[in-house]
Amino acid sequence: MDAIEVRGLRKRYGGTTAADGVDLTVPAGTVVGLLGPNGVGKTTTVECVAGLRTPDSGTVRVLGLDPRRDRRAVRAVLGVQLQEAALHDMLTAGELMALHRALHRTGRDPGGLLDAVGLGAQAGIRSDRLSGGQRQRLSVALALVGAPRVVVLDELTTGLDPASRETVLDLVRGLAAGGVAVLLVSHRMDEVERLCDRAVLLDAGRVVADASPDGLVAAAGLAPRVRFRTDAVVDRSALCALPGVDAVTRTGHEVAVTGRGELLGPVGAELVRQGVVATGLRAERPTLDDAFLALTGHRAGPRAEVAA
């Protein structure tokens, strides 16, 4: 049994279909990324998993439990950090942690968890006086204080400075290593590549790909490429004649050679033969961000502003 199992999830809001037959599984001890442009059903799917919304059809199970019918039992095993977390402004970080810990029969030490997310020194500060990044880290700690077996994290590093981001990512890696199932919603493809065992890509409410990060790149059919810049005229037909080269494109001073196999050496040698002075000559492998664009027609999203 998978820790999270979503089958045929459908949800409409008026005339808009937010989820159109979504299938999703998250085994214990793994991190699965839920990706997609804005407005394609990620939030609806997560809210159905958390029991915040009722599907129109299909099934959602968390450790075999129905998040709506078995709400109390699910709360005991599921930790949820939403992007727009509502915190009680009049309570300190430490008081909020103690309150949430008291809601669970077992759990983690609140003070130790605050230390783990770098907020030990802010335990006595009211939540409304914390910075945006500190509130984000607090919401992650609150989701974990009950020692859940399943965790849903929605854009967990939004607004975090680089050091805080690394702290939180290390925490997620530790959760999966300890057998926790993690569903991660993110626009940051670098985080997905680092953390996720699988990535499920949604578009228009449907799953368009479900594979490892490398598998998504392969599914997009993207080829390796060599890039360089030059002011000179380049004999593109000679580059196209090289073994493994499929295409040569030029945009202004930027030239891209795409194909198969090892291209950097042969391309460099051909440019020398042509007497072309090239700068920034480099080999590039397709990234998850490239695959996201190829499969959905959209970039993954802008990077968030940083707040300590």
Side-chain angles (χ1 to χ4, degrees), residues 2-9 18-50 58 60-62 79-83 140 150-158 160 165-166 168-177 179-224 284-304:
D2 291 308
I4 296 176
E5 185 174 355
V6 178
R7 298 296 182 193
L9 172 65
D20 190 10
V22 173
D23 292 329
L24 168 69
T25 59
V26 184
T30 66
V31 182
V32 174
L34 185 59
L35 319 179
N38 290 331
V40 298
K42 300 190 303 297
T43 297
T44 292
T45 300
V46 164
E47 289 180 344
C48 288
V49 170
V60 179
R61 296 292 183 267
V62 177
V80 180
Q81 171 264 322
L82 298 178
Q83 189 175 3
V140 173
V150 183
V151 176
V152 176
L153 302 171
D154 188 1
E155 302 293 349
L156 81 162
T157 62
T158 297
L160 298 188
R165 178 170 171 261
E166 289 302 316
V168 171
L169 294 182
D170 285 342
L171 193 62
V172 174
R173 279 190 286 266
L175 290 172
V180 175
V182 181
L183 177 59
L184 174 69
V185 182
S186 181
H187 281 101
R188 296 200 55 148
M189 297 300 100
D190 58 332
E191 290 180 0
V192 173
E193 288 179 309
R194 289 175 57 183
L195 291 178
C196 294
D197 301 285
R198 285 180 24 248
V200 177
L201 181 58
L202 296 183
D203 197 18
R206 298 180 179 179
V207 175
V208 296
D210 181 349
S212 68
D214 286 342
L216 283 190
V217 174
L222 300 175
E284 295 180 346
R285 72 174 185 87
T287 66
L288 190 55
D289 195 53
D290 296 326
F292 189 105
L293 176 62
L295 292 168
T296 70
H298 303 274
R299 284 290 178 191
R303 295 185 182 274

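Just so it is clear, the model here is predicted, and its values are computed rather than measured.
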Practice task
Decide yes or no for L201 and D210: does some side-chain heavy atom of the first lie under 4.5 Å from some side-chain heavy atom of the second?
Solution key: no
Handout entry: Within-4.5 Å side-chain heavy-atom neighbours: L24 and L183
Key = yes
Handout entry: Pairs involving residues 213-222, ordered by first then second residue, that meet side-chain hydrogen bond (donor to acceptor under 3.5 Å, both in side chains) (sequence neighbours left out)
Key = none
Residues 26-33, side-chain donor-acceptor partners within the protein, below 3.5 Å, at least two apart:
unit_1	atom_1	unit_2	atom_2	d
T30	OG1	P27	O	2.7

Practice task
Would you give the length of the straight line joining atom CG of D23 to atom OG1 of T45, rounded to the nearest 0.5 angstrom?
Solution key: 10.5 Å
Completion exercise
By salt bridge (charged side-chain N to carboxylate O under 4.0 Å, His left out), E166 pairs with (sequence neighbours left out) R194
Practice task
Could you tell me which residues satisfy side-chain contact (heavy atoms from CB on, under 4.5 Å) with P286, sequence neighbours excluded, listed by chain and number?
Solution key: V217, L222, D290
Practice task
Could you tell me which residues satisfy side-chain hydrogen bond (donor to acceptor under 3.5 Å, both in side chains) with E193, sequence neighbours excluded, listed by chain and number?
Solution key: none
Handout entry: Rounded distance (nearest 0.5 Å) linking atom CZ of F292 with atom OG1 of T287
Key = 11.5 Å
Completion exercise
Contacts satisfying salt bridge (charged side-chain N to carboxylate O under 4.0 Å, His left out) that involve residues 28-43 (not counting sequence neighbours) are none
Problem - By side-chain contact (heavy atoms from CB on, under 4.5 Å) - contacts of V180 (at least two apart) - result: V151, L175, V182
Problem - Side-chain touch C48/V6, heavy atoms, less than 4.5 angstrom - result: no
Exercise for the section: Return the set of residues passing side-chain contact (heavy atoms from CB on, under 4.5 Å) with E191 (not counting sequence neighbours), or none when no residue passes. Expected result: L156, T157, R165, L169, S186, R188
Exercise for the section: Answer yes or no: is there a side-chain heavy-atom contact under 4.5 Å between D203 and L295? Expected result: no
Handout entry: Residues V46, L82; criterion side chain to side chain contact (heavy atoms under 4.5 Å, CB included); working and verdict
Key = CA-CA 9 Å; V46 164; L82 298 178; 4.1 Å; yes
Handout entry: Test side chain to side chain contact (heavy atoms under 4.5 Å, CB included) applied to L35 and V185, V192, V40, the passing residue
Key = V192
Exercise for the section: Applying side-chain contact (heavy atoms from CB on, under 4.5 Å), name anything that partners T25, two or more places apart in sequence or on another chain. Expected result: D2, E5, R7, R198
Handout entry: Side chain D154, main chain Q81, donor-acceptor under 3.5 Å
Key = no
Exercise for the section: Could you check if a side-chain atom of L184 sits within less than 4.5 angstrom of a side-chain atom of V172, using non-hydrogen atoms only? Expected result: no
